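To start, the structure itself, in structure tokens.
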Amino acid sequence: MLGRAPLLVVFLLLCINAAVEQVSADLRVGFYQSTCPQAETIVRQLVQKRFNTDKSVTAALLRMHFHDCFIKGCDASILIDSTAQKPSEKAAGPNQTVRDFDLIDQIKTALEAACPSRVSCADVIALATRDAVALSGGPTYPLPTGRLDGLTSNVNDVNLPGPTMPVSSAFAQFFRPKGFTLNEMVTLLGAHTVGVAHCAFFQDRASNFQGTGKPDPTMDPALAGTLRRTCSASNNPTAFLDQNTSFVVDTSFYRELTVKRGVMQIDQELAADPSTSAMVAGFARSESSFRQSFAAAMVKMGSLVGQGGEVRKSCRVFNPKSPVGGGRPPVVQPAPRPVVRPRTPVPSTRRPVVSPRPPAVKPRPPVSRPRSPVVSRAPPPRSGGKKNVPKTNAKNVSKTKGNQKKKPGKGN
């Protein structure tokens, strides 16, 4: 028994690992190849159409994807509209400037027309982001799909790293708990190469850093002047986070950081912090290194999935729990219903067939009973006793054959 104990422990550990991996095992490249083979083509074409008229769509989708995945996994909970009773993630402060929800709606409408209730909204966000990155000159990468749409969206769940957060805090509180390395954090923040930010996120740094009335000394003075002029407008305008190649996914963002031209404080601190400065310098020198790291980090971020879910018919609302009130039935429920309904009448039809069988058995004894008195009545004659009849028949068979035939006639 003692010898078997370690084997049992190993077996249980393997079972636990298998159970943990089931969530990620549902994600695979080409998930819709048999159920909706044109899915990725539909997404790519509509993203291309939007990109042709608005190249900032890449930044919008990258931000949407990041803000979705870093709450409860990539489950499209950021797409749910708030109601009067319950505000959704979309209502949270960091998500107030997330945009291009209408593009997701367009893609989902086209997918529903081609393959109803097949492609999740979470996969739409992931695929659209991947395609937009490629259109902006970034790497293209095979993306596992098969995500499910989440069943909850709560404004109070939204907690994301702020623009002034130190590198160590951002890593310890947000990236490391989700399984990312420090290098992967630096890589993902490289998405700011096509990003924009509202003046509210950096204005103090450019003009009144920490209440000093002066710009942040770690910011290039020329950049500070440019940002002050941009933010002089009263409508909270935006500025590019990469002032050089603002619509291209490349390493220009890291090169800007090395010369103190990071717009947001958290970006500039990547180049100043001893734990990340070498990584920033390495990406600034090597385009290929960044492209490989960025593709791998995006796939990893896209693999943050929650427990369970559904495939929404509309990305803005959850599927109705039941068809009561005219709503659409849940995608999973219609399948078992036709299987259950035909089985219920089967027992009721068999019962009446079984009940008539006992009466059919009961009449059989009376059929044999009347036959016995008929046989017993025929042999004995009405005039003679039982003792004389067998004697007469036994002794006078040869002598009285003629008389025996005549007696019945006379008796009648």
Side-chain angles (χ1 to χ4, degrees), residues 51 55-67 70 97 129-130 132-141 160-167 170-171 174-175 180-199 201-202 205-206 215-216 218-224 226-227 230 238-301:
F51 182 82
K55 289 181 171 53
S56 70
V57 67
T58 303
L61 290 174
L62 278 165
R63 190 159 185 251
M64 182 190 298
H65 193 28
F66 179 86
H67 284 215
F70 262 67
T97 53
T129 303
R130 187 269 308 267
V133 167
L135 289 171
S136 296
T140 183
Y141 45 90
L160 295 164
T164 61
M165 181 171 285
V167 170
F171 179 64
F174 295 96
F175 288 88
F180 291 101
T181 65
L182 194 58
N183 185 78
E184 288 169 336
M185 183 187 80
V186 175
T187 301
L188 288 173
L189 290 177
H192 288 171
T193 184
V194 290
V196 297
H198 286 267
C199 286
F201 291 108
F202 60 81
R205 184 167 180 259
D216 184 350
T218 64
M219 177 180 282
D220 173 58
L223 174 63
T226 300
L227 295 178
T230 299
T238 61
F240 291 110
L241 299 181
D242 178 357
Q243 296 279 310
N244 188 17
T245 56
S246 306
F247 295 107
V248 182
V249 177
D250 58 9
T251 57
S252 172
F253 168 74
Y254 296 105
R255 290 193 295 273
E256 292 282 280
L257 297 183
T258 61
V259 291
K260 300 183 178 182
R261 290 182 61 82
V263 175
M264 289 200 300
Q265 184 175 341
I266 190 173
D267 292 342
Q268 189 58 57
E269 285 196 8
L270 292 176
D273 193 288
S275 65
T276 55
S277 59
M279 302 172 191
V280 171
F283 285 146
R285 290 191 302 268
S286 175
E287 187 83 23
S288 61
S289 176
F290 167 71
R291 292 173 70 86
Q292 292 175 5
S293 296
F294 189 76
M298 289 297 291
V299 170
K300 185 173 181 177
M301 185 180 76

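The model shown is predicted, which means the values in this text are computed figures rather than measured ones.
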Once you round to the nearest 0.5 Å, how far does [atom1] of [X] lie from [atom2] of [Y]?
X      : Y      : atom1 : atom2 : answer
Ile266 : Arg205 : CD1   : CZ    : 11.5 Å
Phe290 : Asp250 : CZ    : CG    : 7.5 Å
Leu270 : Asp273 : CG    : CG    : 8.0 Å
Thr226 : Met219 : OG1   : CE    : 10.0 Å
Leu135 : Arg130 : CG    : CZ    : 10.5 Å
Thr193 : Glu256 : OG1   : CD    : 9.0 Å

Might you confirm whether atom NZ of Lys300 has over 12 heavy atoms from other residues, nucleotides or ligands at distances under 6.0 Å?
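It does: Lys300 NZ has more than 12 such atoms within range.
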Please step through side-chain contact (heavy atoms from CB on, under 4.5 Å) for the pair Val263 and Leu227, ending with a clear verdict.
CA-CA 8 Å; Val263 175; Leu227 295 178; 4.0 Å; yes
side-chain contact (heavy atoms from CB on, under 4.5 Å) evaluation trace for Arg63 with Thr97
CA-CA 10 Å; Arg63 190 159 185 251; Thr97 53; 2.6 Å; yes
Which atoms form the tightest heavy-atom contact between [X] and [Y], and what is the distance?
X      : Y      : value
Pro163 : Met264 : CB-SD, 3.6 Å
Pro139 : Phe294 : CG-CD2, 4.0 Å
Phe202 : Ala197 : CE2-O, 3.3 Å
Phe180 : Ala297 : CE2-O, 4.3 Å
Leu62  : Thr129 : CD2-CG2, 3.6 Å
Ala224 : Ala206 : CB-O, 3.9 Å

Could you label the plane-to-plane angle of the Phe247 and Phe240 rings as parallel, tilted or perpendicular, counting under 30° as parallel and over 60° as perpendicular?
perpendicular
Consider only side-chain N and O atoms of Asp216 and Thr218, and report whether a donor and an acceptor are under 3.5 Å apart.
yes
Output, in order, the C-alpha distance, side-chain angles, deciding distance and verdict of side-chain hydrogen bond (donor to acceptor under 3.5 Å, both in side chains) for Ser293 and Thr187.
CA-CA 7 Å; Ser293 296; Thr187 301; 4.6 Å; no
Would you say the side chain of [Y] lies within less than 4.5 Å of the side chain of [X], judging by non-hydrogen atoms?
X      : Y      : value
Phe70  : Met301 : yes
Leu182 : Ser275 : yes
Met298 : Leu188 : yes

So, does Thr181 use its side chain to make a donor-acceptor pair with the main chain of Glu184 at under 3.5 Å?
yes
Please walk me through it: do Gln265 and Thr164 pass side-chain hydrogen bond (donor to acceptor under 3.5 Å, both in side chains)?
CA-CA 5 Å; Gln265 184 175 341; Thr164 61; 5.1 Å; no
Hey, mind stepping through Phe283 and Asn183 against side-chain contact (heavy atoms from CB on, under 4.5 Å) and telling me if it holds?
CA-CA 10 Å; Phe283 285 146; Asn183 185 78; 4.0 Å; yes
